[in-house]
Amino acid sequence: MNEFSLIQQFFNKPQHSNAGVVLGVGDDAALIEPPQGQQLVISTDTLVAGRHFPLDTPPHAIGWKAAAVNLSDIAAMGATPQAMLLALSLPAVDEAWLAEFSRGFFECCQPQQVALVGGDTTRSPTLSISVTALGWVPRGQAIRRDGAQVGDLIVVSNNIGDAAYALRHPNSKLQQRLDYPVPQSALGIALRGFAHSMLDISDGLAQDLGHILHASAVGAVLHVDQLPFSPVLHTLDAQQRWAYALTGGDDYELCFTLSPQRLAQFYEQYAGQFSLTVIGEICRQPGLQLMQHGQPVVLDIKGYQHFD
Ligand code: ADP
Ligand code: MG
């Protein structure tokens with residue numbers, strides 16, 4: 001199969017008439033009409049086989065995840081995703097693999113009406129997948145890492161540590177959480193005008209929250225006993241569960257900060273729509289202070305000390 005028929009068969013799908021996409025796959029480049037008064041939000045991420053996912057990951061899950069991690073970055077800015085570009089380096093043309101990969105990729109994009117508008121396909125000894133995602137946010141309303149304010153509450157979506165658990169316990173109940181992360185786009189968009197700072201948790205909460213603290217020149221108190229966990233993680237030793245949450249990674253949940261008043265307003269406006277947990281507060285004192293039952297605690301967890 002040559003490159004052109006490969007692209008035609010697997011990646012040039014009829015897609016939702018995605019607002020603003022004037023020209024998609026097939027020309028030298030795509031054409032997109034920017035919505036008025038909006039800023040372009042654009043991000044790229046590469047997944048390398050054996051490094052970012054185990055070699056035996058099903059291709060459908062690889063396709064999904066390649067799209068999801070990029071949509072998660074767009075969500076973490078409070079932006080509405082619109083389109084993606086996909087650069088594939090393949091060791092060989094395996095049609096069954098490509099069919100499953102592209103099915104997974106499109107299944108992640110479709111509910112969010114994100115169009116695949118272009119990409120590149122090459123051969124290389126290692127399988128590697130680079131995705132560029134773009135979206136839009138009303139001018140000045142992107143939720144950045146540098147906006148956290150002293151007195152803000154720190155909030156996370158859903159549960160954390162699931163993917164880290166699944167990585168170390170193959171075929172567990174939480175395998176889906178590792179292979180099929182769900183980008184929190186609706187939450188990210190809803191938080192415009194509420195959150196002062198935000199990011200998606202991809203490298204473990206301690207390190208990622210550290211990015212907000214550094215960018216905002218503030219510190220934080222984090223209550224480890226308030227972290228939200230799935231039932232499976234509650235069967236573990238507490239130290240182990242905290243280690244997964246703080247240093248595990250691959251969660252793709254949102255972590256954001258906002259004032260207590262704003263959080264109350266948010267709960268009122270979006271009653272019951274999102275699962276959110278307050279896990280700490282932003283303070284003036286630099287660094288990340290971990291607390292258990294209101295007392296400072298030192299955990300024997302590699303990685304977090306960096307932020308003391
Ligand atoms: P060029 O040589 O001009 O870069 P290509 O042969 O690389 O053209 O690509 C032809 C068209 O197919 C372009 O519109 C490109 O964006 C698209 N394309 C190539 N690979 C992919 C892919 N993996 N997914 C989606 N679109 C792709
Ligand atoms: Mg090309």
Side-chain angles (χ1 to χ4, degrees), residues 1-35 38-75 77 79-136 179-183 185 202 252:
M1 181 182 265
N2 72 28
E3 187 192 325
F4 301 106
S5 44
L6 182 159
I7 295 164
Q8 200 53 34
Q9 181 169 344
F10 298 110
F11 299 109
N12 194 3
K13 303 268 157 149
Q15 299 176 70
H16 292 281
S17 57
N18 205 283
V21 177
V22 181
L23 186 61
V25 171
D27 213 308
D28 295 311
L31 266 181
I32 287 176
E33 183 72 36
Q38 309 254 330
Q39 288 175 316
L40 173 65
V41 179
I42 186 160
S43 160
T44 195
D45 249 321
T46 299
L47 300 182
V48 176
R51 178 127 34 107
H52 298 100
F53 55 86
L55 290 168
D56 60 354
T57 308
H60 183 270
I62 299 171
W64 174 286
K65 197 162 177 175
V69 302
N70 282 277
L71 292 179
S72 180
D73 281 323
I74 299 296
M77 299 301 290
T80 306
Q82 189 201 23
M84 306 250 233
L85 297 144
L86 168 64
L88 265 182
S89 301
L90 301 167
V93 177
D94 174 342
E95 291 189 31
W97 190 95
L98 280 165
E100 280 299 283
F101 172 85
S102 71
R103 198 168 64 82
F105 188 90
F106 284 111
E107 269 176 34
C108 183
C109 295
Q110 266 150 13
Q112 309 213 13
Q113 308 220 352
V114 172
L116 181 63
V117 297
D120 196 29
T121 309
T122 54
R123 292 221 189 203
S124 106
T126 352
L127 168 63
S128 138
I129 304 145
S130 284
V131 175
T132 301
L134 57 95
W136 304 100
D179 289 343
Y180 293 94
V182 178
S185 307
S202 55
Y252 302 106

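Order of appearance sets the numbers: ligands from 1, and atoms from 1 within every ligand. Every value quoted in this text rests on a predicted model; they were computed, and no experiment measured them.
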| Side chain, backbone, both or neither: the part of Leu116 lying under 4.0 Å from ligand 1 by heavy atom |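 Only the side chain of Leu116 comes within reach of ligand 1.
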| request: Examine the proximity of ligand 1 to Asp120 and report which part, side chain or backbone, both or neither, has a heavy atom under 4.0 Å away. | output: both
| task | Take Leu71 and Met84, measure what side chain to side chain contact (heavy atoms under 4.5 Å, CB included) needs, and give me the verdict at the end. | result | CA-CA 9 Å; Leu71 292 179; Met84 306 250 233; 3.8 Å; yes
| field | Partner residues of Arg103 under the salt bridge (Lys or Arg N to Asp or Glu O under 4.0 Å) criterion, sequence neighbours left out | value |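 In terms of salt bridge (Lys or Arg N to Asp or Glu O under 4.0 Å), with neighbours along the sequence ignored, Arg103 is linked to Glu100, Glu107.
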| message | Counting only nitrogen or oxygen atoms and a 3.5 angstrom limit, does Phe11 reach ligand 1? | response |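 In this structure, Phe11 places no N or O atom under 3.5 Å from an N or O of ligand 1.
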| So between Val117, Leu88, Leu23, Thr121, whose heavy atom ends up nearest atom 20 (N) of ligand 1? | Thr121
| request: Would you mind finding which of Asn2, Val25, Thr122 brings a heavy atom closest to atom 17 (C) of ligand 1? | output: Val25
| message | Against ligand 1, does Phe10 come closer than 4.0 Å with any heavy atom? | response |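 No.
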| Taking C-beta and beyond as the side chain, do Val131 and Asp45 meet within less than 4.5 Å on heavy atoms? | no
| task | Could you check Cys109, Cys108, Pro183 and say which one makes a side-chain contact (heavy atoms from CB on, under 4.5 Å) with Val114? | result | Cys109
| query | Can you list the steps and then say if Val69 with Tyr252 is a side chain to side chain contact (heavy atoms under 4.5 Å, CB included)? | reply | CA-CA 7 Å; Val69 302; Tyr252 302 106; 3.4 Å; yes
| message | With rounding to the nearest 0.5 angstrom, report the CH2 to CD1 distance, Trp136 to Ile32. | response |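 Spacing of CH2 (Trp136) from CD1 (Ile32) equals 6.5 Å.
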Output the list of atoms in ligand 1 that are nearer than 4.0 Å to some heavy atom of [X], sorted by atom number.
X: Glu3; answer: 5 (P), 6 (O), 7 (O)
X: Phe4; answer: 6 (O)
X: Asp28; answer: 3 (O)

| Parallel, tilted or perpendicular: ring planes of Phe11 versus Phe106, cut at 30 and 60 degrees |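 The rings of Phe11 and Phe106 sit tilted, inter-plane angle from 30° to 60°.
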